[in-house]
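To start, the structure itself, in structure tokens.
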Amino acid sequence: PLKLKLLASRGSKDFEAIVQNYLEHWKKLGVRVELVNGRLQDYHTVTDKVLNDSHDFDMWMLGWSVGAEPTMHALSYLPKAPYNFGHFATKENTELIDSFTRSPKAFNQKYLLQQFYKWQAYMEKEAFILPLSNDYATVPVAKDVAGVTLENGKDYYMWSEVGFTK
């Protein structure tokens with residue numbers, strides 16, 4: 001059977017259970033996945049190994065998130081970007097990212113979206129990084145609170161506008 005080494009950091013008991021669940025499911029599929037050194041690692045050890053392109057693992061699990069403006073996060077996938085944890089680097093990837101982050105044409109919203117969607121399709125085709133989970137946040141707000149927004153770009157300064165109504 002196929003054998004792979006997984007590098008993942010210690011976290012909550014929930015996360016440890018999630019990792020064990022993945023290991024069991026991969027085993028059912030005929031893929032033998034073992035943790036590096038037989039256990040979950042300290043977070044700093046994991047990031048050090050990933051950043052320095054260690055060769056004692058085949059795949060890794062780390063947290064990742066995107067903000068309201070995803071084009072800035074695309075810069076993390078350039079060849080020399082410090083957060084390009086997958087060390088993915090191709091000429092096509094760089095050209096696509098440059099087309100919507102560095103090109104003067106990207107000031108045109110329609111062009112920017114068109115190029116971003118091209119890059120997104122390329123990411124899906126290449127599958128150089130795969131999300132394992134996704135979550136959403138629910139923000140309950142009482143009806144007598146005004147000024148709350150989750151609108152992109154406005155939520156950062158929202159608290160200066162929040163107040164109670166009569």
Side-chain angles (χ1 to χ4, degrees), residues 1-12 14-37 40-41 43-138 150-153 155-156:
L2 178 62
K3 294 180 184 180
L4 298 170
K5 288 278 191 179
L6 172 65
L7 179 66
S9 63
R10 288 189 304 264
S12 68
D14 292 337
F15 182 71
E16 291 178 22
I18 289 168
V19 171
Q20 288 303 318
N21 188 41
Y22 278 116
L23 295 176
E24 289 172 24
H25 281 82
W26 285 322
K27 185 177 179 179
K28 288 178 184 177
L29 293 171
V31 181
R32 184 174 171 199
V33 179
E34 296 175 350
L35 293 171
V36 171
N37 299 326
L40 296 171
Q41 307 292 308
Y43 173 79
H44 298 290
T45 301
V46 173
T47 54
D48 184 57
K49 286 180 178 282
V50 171
L51 286 171
N52 292 304
D53 205 16
S54 173
H55 296 285
D56 63 346
F57 63 93
D58 301 300
M59 56 186 177
W60 47 266
M61 294 172 115
L62 281 172
W64 179 79
S65 66
V66 287
E69 214 290 287
T71 58
M72 295 310 296
H73 291 281
L75 296 173
S76 296
Y77 298 105
L78 289 171
K80 295 184 181 185
Y83 293 108
N84 185 356
F85 289 156
H87 306 284
F88 182 77
T90 67
K91 183 178 177 184
E92 184 176 359
N93 186 56
T94 300
E95 287 172 354
L96 285 167
I97 292 172
D98 284 349
S99 75
F100 63 86
T101 60
R102 297 184 174 157
S103 170
K105 294 179 190 177
F107 285 105
N108 177 308
Q109 185 75 16
K110 187 175 179 180
Y111 174 84
L112 183 144
L113 284 173
Q114 182 182 37
Q115 295 306 110
F116 182 79
Y117 291 144
K118 282 182 185 177
W119 177 67
Q120 195 172 34
Y122 178 73
M123 278 189 76
E124 289 176 15
K125 182 183 82 154
E126 293 296 318
F128 58 88
I129 190 163
L130 301 171
L132 294 176
S133 64
N134 188 31
D135 58 13
Y136 295 93
T138 301
L150 298 177
E151 186 178 333
N152 293 341
D155 55 345
Y156 186 76

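In this structure, CD in Glu126 is found 8.5 Å from CG in Asn93, a value given to the nearest 0.5 Å. Atom CD1 of residue Ile129 and atom CH2 of residue Trp60 lie 4.0 Å apart, to the nearest 0.5 angstrom. How far OG of Ser103 is from CG of Asn108: 10.0 Å, rounded to the nearest 0.5 Å. The CD atom of Gln114 lies 5.0 Å from the NZ atom of Lys118; values are rounded to the nearest 0.5 Å. Note that the CG atom of Leu4 and the CD atom of Glu34 stand 9.5 Å from one another [nearest 0.5 Å]. The distance from the OG1 atom of Thr94 to the NZ atom of Lys91 is 10.0 Å, given to the nearest 0.5 Å.
Taking both residues in full, the closest heavy atoms of Ala81 and Tyr77 are given as CB-N, 4.5 Å, listed atom of the first, atom of the second, then distance. Glu16 and Gly11 get closest at one heavy-atom pair: OE2-O, 3.6 Å. Pairing each heavy atom of Ala106 with each of Ser99, the nearest pair is CB-O, 4.0 Å. Pairing each heavy atom of Lys5 with each of Leu35, the nearest pair is NZ-O, 4.2 Å. Residue Asp58 comes nearest to Lys3 through the heavy atom pair OD2-O, 4.2 Å, listed as atom of the first residue, atom of the second, then distance. Taking each heavy atom of Tyr111 and Lys105 in turn, the nearest pair found is CD2-O, 3.3 Å.
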Practice item. Evaluate the criterion side-chain contact (heavy atoms from CB on, under 4.5 Å) for residue pair Leu6 and Tyr22; output intermediate values, then yes/no. Key: CA-CA 10 Å; Leu6 172 65; Tyr22 278 116; 5.9 Å; no
Exercise for review: Decide yes or no on side chain to side chain donor-acceptor pair (under 3.5 Å) for Asp48 and His44, but give the supporting numbers first.
Suggested key: CA-CA 6 Å; Asp48 184 57; His44 298 290; over 6 Å; no
Practice item. Report the C-alpha distance between His55 and Asp53 in whole Å, list the side-chain angles of each, state the deciding distance to 0.1 Å, and finish with yes or no for side-chain contact (heavy atoms from CB on, under 4.5 Å). Key: CA-CA 6 Å; His55 296 285; Asp53 205 16; 4.3 Å; yes
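Heavy atoms of other residues, nucleotides or ligands lying less than 6.0 angstrom from CZ of Phe88 number more than 12.
Between Phe128 and Thr90 the shortest side-chain heavy-atom distance does not fall below 4.5 Å. For the pair Leu78/Asn84, no side-chain contact is recorded, criterion being any heavy-atom separation below 4.5 Å from C-beta on.
Defined by atom type and a distance below 3.5 Å, a donor-acceptor pair is present between the side-chain atoms of Asp56 and Ser54.
The main-chain N or O of Asn52 is never found under 3.5 Å from a side-chain atom of His87 such that the two would form a donor-acceptor pair.
Between Phe100 and Trp119, the ring-plane angle classifies as tilted under the 30° and 60° cut-offs.
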